[in-house]
J.: 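The structure's right below; bear with me while I get my questions together.
In this chain, residues are counted from 1 in sequence order. Please read these numbers as outputs of a predicted model, since none were measured by experiment. Heavy atoms only: backbone and side chains are in, while hydrogens, waters and symmetry mates are out.
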Amino acid sequence: MSSRRSFVPLLRCVRLAALLWLVGMVAGCGGAPAATQTASTPGATCSPNDQDQYVYDPTRLQVLQACIRVTGTVDGMWVATDGDTNLLLRLDPPYQHLLTPGNEEGEERGDLGVEAVCTVSPVDPIVMALCANDRDPYAQPAPRLGAHVWMEGRYILDLNHGSHAELHPLYRMGTLSG
């Protein structure tokens, strides 16, 4: 019981840090996007980066494509206890075929899930060491809700959550003009 009591303050501290980070992200989203985030079009080639190795339990993910680029509108976001920033992307019509029946259920509500891994310190002890080894975590500011964006990431099915489709991990993104 005493080990549980000593873990509770740490858990509260990490949750508070994640909440403050998210509040800072949302508060900073009202103005113009940062120059590094704005782009009219991404590069010609979608290239994976080193974030694949920081995905917790990759055996639960079925990789469909190593790297894919999509466009859509940011429909929601939150920080999970595993340290990942989760985004919901309402896909533009040319990409809606990427959704599965699993995307209609649960938190996706018809959107594509996108996960930027290890963006904050995780609360889940089993993931702490994994994220601690990520020396260059995805650090780009989250886009504002309603922003029209392009995103690149590994296209997968999450076999533990109704086989919904996701970009997991997110490699890069930017806002689209107009």
J.: Between atom CG of Leu98 and atom CG of Leu89, what is the distance when rounded to the nearest 0.5 Å?
T.: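 Here the interatomic distance stands at 10.5 Å.
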J.: For Asp82, enumerate each residue passing the salt bridge (Lys or Arg N to Asp or Glu O under 4.0 Å) test, keeping only those at least two apart in sequence or located in another chain.
T.: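 With neighbours one apart ignored, the set is empty.
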J.: Might you point out which heavy atoms bring Met77 and Ala142 nearest each other, and give the distance in Å?
T.: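 Scanning both residues, the minimum pair turns out to be SD-CB, 3.7 Å.
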J.: Side chain to side chain contact (heavy atoms under 4.5 Å, CB included) with Glu105: which residues, sequence neighbours excluded?
T.: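 Listed in chain order: nothing, the list is empty.
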J.: Tell me the disulfide (SG to SG under 2.5 Å) pairs involving residues 68-99, sequence neighbours left out?
T.: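 Qualifying pairs: none.
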J.: Tell me if a side-chain donor or acceptor on Glu104 pairs with a main-chain N or O of Pro101 at a distance below 3.5 Å.
T.: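 The answer is no, because no donor-acceptor pair under 3.5 Å joins these two groups.
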J.: Between CH2 of Trp150 and OG1 of Thr175, what distance do you get to the nearest 0.5 Å?
T.: 9.5 Å
J.: Of all the heavy-atom pairs spanning Tyr155 and Ala165, show the shortest one and how long it is.
T.: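 Looks like CE1-CB, 3.7 Å.
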J.: Are any of the side-chain heavy atoms of Met173 and Tyr138 separated by less than 4.5 Å?
T.: yes
J.: Would you say that Asp75 contacts Arg109 through its side chain, given a criterion of any heavy-atom pair below 4.5 Å between the two side chains?
T.: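 They are in side-chain contact.
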J.: Which Ile, Leu, Val, Met, Phe, Trp or Tyr residues join Leu61 in one cluster when any pair of side-chain heavy atoms under 4.5 Å counts as a link?
T.: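 Leu61 shares its hydrophobic cluster with Tyr54, Val55, Tyr56, Val63, Val117, Ile126, Val127, Leu130, Ile156.
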J.: Out of curiosity, Asp111 CG to Leu99 CG, how far, rounded to the nearest 0.5 Å?
T.: 8.0 Å
J.: Consider only side-chain heavy atoms of I, L, V, M, F, W and Y, link residues closer than 4.5 Å, and tell whether Tyr95 and Tyr171 are in one cluster.
T.: no
J.: Mind checking what makes side chain to side chain donor-acceptor pair (under 3.5 Å) contact with Asp134, not counting sequence neighbours?
T.: Gln51
J.: Which disulfide (SG to SG under 2.5 Å) pairs, counting each pair once, include a residue from residues 120-161, with sequence neighbours left out?
T.: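 Counting only pairs at least two positions apart or across chains, the disulfide (SG to SG under 2.5 Å) contacts touching residues 120-161 are Cys118-Cys131.
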J.: Mind jotting down which residue pairs meet the disulfide (SG to SG under 2.5 Å) criterion with at least one end in residues 62-107? Sequence neighbours excluded, please.
T.: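 Residue pairs with at least one partner in residues 62-107: Cys46-Cys67.
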J.: Say you draw a straight line from CG of Asn49 to CG of Asp136; how long is it, rounded to the nearest 0.5 Å?
T.: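 One finds 7.5 Å between CG of Asn49 and CG of Asp136.
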J.: Could you name each residue pair satisfying salt bridge (Lys or Arg N to Asp or Glu O under 4.0 Å) that touches residues 164-173, not counting sequence neighbours?
T.: Glu152-Arg172
J.: Taking the side chain as every heavy atom from C-beta outward, state whether Thr71 and Leu176 have any atom pair closer than 4.5 Å.
T.: yes
J.: Would you compute the distance between atom CG of Leu91 and atom CE of Met151 and round it to the nearest 0.5 angstrom?
T.: 10.0 Å
J.: For the residue pair Ala132 and Arg135, what are the closest heavy atoms and their distance?
T.: O-NH1, 2.9 Å
J.: Would you please name every residue forming a side chain to side chain donor-acceptor pair (under 3.5 Å) with Asn103, sequence neighbours left out?
T.: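 Side chain to side chain donor-acceptor pair (under 3.5 Å) check on Asn103 returns Thr100.
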J.: With sequence neighbours excluded, tell me which residues meet side chain to side chain donor-acceptor pair (under 3.5 Å) with Asp158.
T.: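 Arg60, His161.
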J.: Test of understanding: with side chain to side chain contact (heavy atoms under 4.5 Å, CB included), list the residues that count as partners of Thr73, not counting sequence neighbours.
T.: Arg90, His148
J.: Partners of Gln62 by side chain to side chain contact (heavy atoms under 4.5 Å, CB included), sequence neighbours excluded?
T.: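 Side chain to side chain contact (heavy atoms under 4.5 Å, CB included) check on Gln62 returns Leu64, Leu157, Leu159.
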J.: State, with a plain yes or no, whether a side-chain heavy atom of Leu167 is found less than 4.5 Å away from one of Leu112.
T.: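 In contact.
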